Protein chains: 2
Amino acid sequence: MNSVTFAKAMADNTRQQIMHLLCCQWICVGDIVDQTGVSQPTVSHHLGILRVAGLVSTRREGKQVFYTLNQDAVAVCCGMLMQNFAPEKLEADGES
Amino acid sequence: MNSVTFAKAMADNTRQQIMHLLCCQWICVGDIVDQTGVSQPTVSHHLGILRVAGLVSTRREGKQVFYTLNQDAVAVCCGMLMQNFAPEKLEADGES
DNA sequence: CACTCAAATTGATAATTGTCGATATGATGT
DNA sequence: ACATCATATCGACAATTATCAATTTGAGTG
């Protein structure tokens with residue numbers, strides 16, 4: 001994954017709203033629909049983008065599909081952005 | 001500045017290319033045009049977006065305008081993304 | 001198998017955005 | 001004041017994207 005893909009995945013208000021919901025818990029698509037107020041196809045679309053970007057994990061449970069945010073991926077991508085665009089702010093830190 | 005604005009500003013290949021050029025030096029618009037191969041209006045457009053997002057600083061020198069990347073802003077925004085979307089990866093770190 | 005419920009996909013549309021050519025602005029030098 | 005050079009803005013167009021209604025897929029249930 002590259003930093004443009006990451007930025008594009010984050011470059012939408014609805015998507016960040018979804019990411020916030022998924023940050024520290026597993027939620028199924030229906031609940032995301034309820035809590036965001038956007039239509040189910042739209043939520044699925046956004047989840048697809050986040051999935052392709054590697055930012056969410058998926059688990060099937062009966063008829064429902066649960067999603068959660070992949071915090072490791074976010075951290076890696078933020079590190080990449082720092083390396084690329086704020087290298088002088090990393091010197092003497094623990095980043096290799 | 002919010003994290004969506006930041007992500008949108010980064011969510012373009014040409015823009016990240018420009019940011020990379022500006023990362024550790026001041027460059028004037030003409031040189032950015034030469035080194036990116038995109039037209040001068042397009043470069044100005046991208047610089048405008050980066051400027052509004054607070055990611056670049058500007059200095060006028062005669063007829064030329066120089067830009068440089070604001071690494072502090074990038075670092076702050078990355079920190080914001082970490083706080084919002086990878087909080088569990090920050091625990092026990094120096095982030096307040 | 002037929003039915004139901006949840007999520008994904010499709011198709012269409014409106015909004016946003018990246019790009020360029022043409023033009024305007026603004027600074028410098030003659 | 002005029003000419004020139006560098007950058008910004010304007011206007012138009014093409015490409016991308018966010019959104020929803022309608023449909024399909026897929027998993028469970030009677």
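The structure displayed is predicted, hence computed values, not measured ones. To find a chain, count down the sequence lines: A is the first, B the second, and so on, and within it residues start at 1.
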**Q** Do the side chains of A:Q16 and B:F85 get nearer than 4.5 Å, heavy atoms only?
**A**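 B:F85 reaches A:Q16 side chain to side chain.
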
**Q** Please determine if a side-chain N or O atom of A:T14 lies less than 4.0 Å away from the OP1 or OP2 oxygen of D:dT19.
**A**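 Yes, A:T14 has a side-chain N/O under 4.0 Å of OP1/OP2 on D:dT19.
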
**Q** Nearest to the side chain of B:H45 - D:dT19, C:dT10, C:dG18?
**A**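 Closest nucleotide among those given: C:dG18.
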
**Q** How many whole angstroms separate atom CZ of B:F66 from atom C1' of D:dC5?
**A**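 Distance check: B:F66 CZ to D:dC5 C1' gives 14 Å.
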
**Q** A:H46 has a side chain; which of D:dT19, C:dC20, C:dA8 sits nearest to it?
**A**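 The closest nucleotide is D:dT19.
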
**Q** How many whole angstroms separate atom CE of B:M10 from atom P of C:dG18?
**A**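 Computing the B:M10:CE to C:dG18:P distance gives 13 Å.
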
**Q** When all nucleic acid strands are considered with a 4.0 Å heavy-atom cut-off, which category describes B:I49: base, sugar-phosphate, or nothing?
**A**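 Sugar-phosphate contact only - B:I49 comes under 4.0 Å of backbone atoms but never of a base.
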
**Q** For A:Y67, report the nucleic acid contact type (base, sugar-phosphate, nothing); a contact means any heavy atom under 4.0 Å.
**A**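 Contact class for A:Y67: sugar-phosphate only.
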
**Q** In terms of the nearest nucleotide of DNA chain D, which residue is placed more toward the 5' end: A:G37 or A:K8?
**A**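 That would be A:K8.
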
**Q** Would you say A:Q71 and A:C24 make side-chain contact, with heavy atoms under 4.5 Å?
**A**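 The answer is yes, as the side chains (C-beta and beyond) meet within the 4.5 Å cut-off.
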
**Q** So, B:Q25 and B:T68: side-chain donor and acceptor under 3.5 Å apart, yes or no?
**A**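 No, no side-chain donor-acceptor contact under 3.5 Å.
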
**Q** Of the candidate nucleotides C:dA7, C:dA27, D:dT17, which contains the atom at the shortest distance from the side chain of B:R60?
**A**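 Of the options given, the side chain of B:R60 lies nearest C:dA27.
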
**Q** Where the side chain of B:P41 is concerned, which of D:dT19, C:dA8, D:dT9 is the nearest nucleotide?
**A**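 Selected nucleotide: D:dT9.
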
**Q** Tell whether A:Q40 reaches the base of C:dA8 with its side chain through a donor-acceptor pair below 3.5 angstrom.
**A**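 For A:Q40, whose side chain was compared with the base of C:dA8, there is a donor-acceptor pair (under 3.5 Å).
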
**Q** Could you please name the option among D:dA8, D:dC20, C:dA7 that lies closest to any side-chain atom of A:V65?
**A**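 Ranking D:dA8, D:dC20, C:dA7 by closest atom to the A:V65 side chain puts C:dA7 first.
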
**Q** Send over the distance from B:K63 NZ to C:dG26 P, rounded to a whole Å.
**A**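 Whole-Å distance recorded here is 16 Å.
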
**Q** How many whole angstroms separate atom CD of B:E61 from atom P of C:dG26?
**A**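 Value for this atom pair: 20 Å.
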
**Q** Taking OP1 and OP2 of D:dA18, is either one under 4.0 Å from a side-chain nitrogen or oxygen of A:T42?
**A**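 So the side-chain polar atoms of A:T42 never come under 4.0 Å of the phosphate oxygens OP1 or OP2 of D:dA18.
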
**Q** Find the distance A:D31:CG to C:dA7:P and express it as a whole number of Å.
**A**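 Value for this atom pair: 8 Å.
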
**Q** Would you call A:I32 and A:F66 a side-chain contact if the rule is heavy atoms closer than 4.5 Å?
**A**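 Side-chain contact under 4.5 Å: no.
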
**Q** Could you state the CD1-C1' distance from A:I27 to C:dA6, rounded to the nearest angstrom?
**A**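 Distance check: A:I27 CD1 to C:dA6 C1' gives 16 Å.
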
**Q** Would a 4.5 Å heavy-atom cut-off, applied to side chains only, mark A:V65 and A:R59 as touching?
**A**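 Heavy-atom side-chain distance check fails, nothing below 4.5 Å.
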
